[in-house]
Protein chains: 2
Amino acid sequence: MRRWRESLNLIERHMPFLRRSLHAGDGVQTAGDTFDCLHLVYFGAIKTMVLAADGYQQVAGLHLKGDWVGLDGIATGYSACDGYAMDTSEVWTVRYDELLRIGEHVPELVHVLHTAMGNQMARDREWRFAQARLPADARLADFLRSWAQALALRDMRTDDITLRLTRAEIGNYLGMRLETVSRSFSRLVEVGLLAFDDKRRRHVAIPDINALVAYVQSRIHP
Amino acid sequence: MRRWRESLNLIERHMPFLRRSLHAGDGVQTAGDTFDCLHLVYFGAIKTMVLAADGYQQVAGLHLKGDWVGLDGIATGYSACDGYAMDTSEVWTVRYDELLRIGEHVPELVHVLHTAMGNQMARDREWRFAQARLPADARLADFLRSWAQALALRDMRTDDITLRLTRAEIGNYLGMRLETVSRSFSRLVEVGLLAFDDKRRRHVAIPDINALVAYVQSRIHP
DNA sequence: CGATGTGTTGACCGGGTTCAAACAATGTGG
DNA sequence: CCACATTGTTTGAACCCGGTCAACACATCG
């Protein structure tokens with residue numbers, strides 16, 4: 001069984017949960033709310049954002065089916081970020097205390113939760129690595145690679161990826177300005193590592209993902 | 001009771017654990033080892049580092065008493081980073097499977113573990129925020145602030161902080177070069193936000209931590 | 001003592017930001 | 001349907017922060 005199904009299966013079998021259908025832009029959770037629920041993505045894509053006091057918004061994470069949203073609330077007791085659907089989506093909402101209670105009899109439940117948190121940490125570290133050792137072009141390339149591989153893992157199409165983020169959001173996520181993102185896109189297309197789907201600049205095709213991996217590798221900074 | 005004591009108290013009361021005394025430089029865990037244990041810092045300071053395939057080392061995190069080390073192994077099943085004592089330290093090592101087993105009867109145990117993971121994620125996000133919005137000087141200032149506050153939280157002296165990291169390691173941790181770290185130090189001393197303890201360049205005093213906070217705030221980038 | 005590791009400082013350079021202008025896509029109301 | 005506003009994207013030019021390379025100042029230690 002694929003890893004991403006584990007959480008869904010376990011929740012479905014052992015937990016009461018609330019199905020929530022969402023359209024693009026709908027909110028999953030709001031930063032500051034007292035934490036009591038976790039959200040498991042059943043399908044679609046969720047974007048989480050942190051809002052600084054001065055109004056600056058930062059993209060915190062992107063979540064596909066099988067991913068958990070809301071984990072960062074466990075420590076503090078309130079949600080740390082806003083969560084929005086980037087697309088028509090469904091999330092399963094479960095109460096944290098119920099999960100712990102039922103987890104006492106179903107250890108696998110606790111373990112998938114731990115795995116999810118561990119994966120989150122691993123992703124953060126990878127991001128940090130990219131930030132420290134990759135120039136802008138390679139960071140964008142690596143972002144697209146990881147996104148494509150996340151889709152592939154879930155048996156979704158990767159030959160025509162629809163980015164549901166603006167250039168500004170991508171840049172925000174990768175730690176660079178939107179102009180730099182745009183230029184990096186242009187350069188990657190120029191060397192044939194990417195291709196835009198006609199005029200729709202948010203549809204990207206990756207002709208050869210191995211070439212993309214090799215490109216990122218080749219640009220790792222000493 | 002202070003937050004950092006929770007884990008220590010709970011472990012002490014409910015779990016079998018192995019006390020390990022360490023001297024500066026001793027290893028706590030090695031990247032790649034199959035994961036089965038978590039380590040709780042009882043005193044001292046632990047530094048974790050990830051090693052890239054090409055030999056490049058990156059500082060992943062710093063851990064004081066009450067902090068957990070090894071959480072990132074839960075997801076993958078093997079340790080993701082090396083852990084070293086930066087100082088004379090003691091860690092309590094517990095088996096993860098035992099923690100889960102006993103946790104079935106002591107829910108607080110499970111919860112402190114979750115809290116620890118959540119805190120880790122929160123720190124990672126803060127780091128990301130700093131990376132994206134603070135120039136080099138302010139990043140260093142913010143790093144020293146957070147270190148000082150971590151010490152204060154544990155009733156340790158903050159008027160004469162001993163950095164147990166080289167300029168290169170600090171830079172590595174903050175995403176900048178050692179020369180930039182050095183220059184940033186000089187500038188912060190120049191404006192009176194920091195003071196070196198005589199000739200020992202690794203002993204830093206923070207005359208007014210609020211001023212440091214204000215400085216960081218004032219340099220947040222739009 | 002020289003050797004080695006660490007820290008500071010200067011000069012130069014370059015990748016990415018900033019500012020600005022123009023264009024494309026989409027929507028809105030008359 | 002078109003005029004117009006709005007939002008997102010691309011591209012150019014100038015600038016600047018931080019990286020790079022290099023020299024030097026200290027410590028500590030064999």
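Residue numbers start from 1 in every chain, and the chains themselves are labelled A, B, ... in the order their sequence lines are given, proteins ahead of strands. These numbers come from a predicted model, not from an experiment.
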Novice: Using OP1 and OP2 only, check whether a side-chain N or O of Thr180(B) sits under 4.0 Å from dG19(D).
Specialist: yes
Novice: Given dT8(C), dT10(D), dG16(C), which nucleotide is nearest the side-chain atoms of Phe196(B)?
Specialist: dT8(C)
Novice: At under 4.0 Å between heavy atoms, what does Ser182(A) touch on the DNA or RNA strands: base, sugar-phosphate, or nothing?
Specialist: base
Novice: What heavy-atom pair brings Thr48(A) and Cys81(A) nearest, and what distance separates the two atoms?
Specialist: CB-SG, 3.7 Å
Novice: How many whole angstroms separate atom CG of Asn172(A) from atom C1' of dG16(C)?
Specialist: 16 Å
Novice: Out of dT17(C), dT11(D), dT8(C), which nucleotide sits closest to the side chain of Ser186(A)?
Specialist: dT11(D)
Novice: Heavy atoms from C-beta onward define the side chain here; which of dG7(C), dT9(D), dT18(C) lies closest to that of Arg167(B)?
Specialist: dG7(C)
Novice: Could you tell me the separation between the CD1 atom of Ile170(A) and the C1' atom of dT10(D), rounded to a whole number of Å?
Specialist: 14 Å
Novice: Would you tell me if any nitrogen or oxygen in the side chain of His221(A) comes within less than 4.0 Å of OP1 or OP2 on dT20(D)?
Specialist: yes
Novice: Side-chain N or O of Thr166(B) versus OP1/OP2 of dG5(C): is the shortest distance under 4.0 Å?
Specialist: no
Novice: Want to settle it: does Glu179(A) or Ala136(A) sit nearer the 5' end of DNA chain C, counting the closest nucleotide to each?
Specialist: Ala136(A)
Novice: What is the separation between atom CZ on Arg177(B) and atom C1' on dC21(D), rounded to the nearest whole Å?
Specialist: 13 Å
Novice: At under 4.0 Å between heavy atoms, what does Arg183(A) touch on the DNA or RNA strands: base, sugar-phosphate, or nothing?
Specialist: base
Novice: Could you state the atom-to-atom distance from CZ of Arg202(A) to P of dA25(C) in whole Å?
Specialist: 13 Å
Novice: Is the His39(A) to His63(A) ring centre distance short of 6.0 Å?
Specialist: no
Novice: For Tyr96(B), I'd like to know if atom OH has over 12 heavy atoms of other residues, nucleotides or ligands within 6.0 Å.
Specialist: yes
Novice: Whole Å only: how far is the CZ atom of Arg133(B) from the P atom of dG16(C)?
Specialist: 21 Å
Novice: Grab the CG-P distance between Leu178(B) and dA22(D) for me, whole Å please.
Specialist: 15 Å
Novice: Hey, is Arg167(A) close enough to Glu179(A) for a salt bridge, meaning N to O under 4.0 Å?
Specialist: no
Novice: In whole Å, I'd like the distance from the CZ atom of Arg164(B) to the P atom of dG5(C).
Specialist: 22 Å
Novice: Provide, to the nearest angstrom, the distance between the CE atom belonging to Met176(B) and the P atom belonging to dT20(D).
Specialist: 13 Å
Novice: Among dG18(D), dT9(D), dT9(C), which nucleotide sits nearest the side chain of Arg201(A)?
Specialist: dT9(D)
Novice: Is it true that Asp142(B) and Arg145(B) have a side-chain N and a carboxylate O under 4.0 angstrom from each other?
Specialist: yes
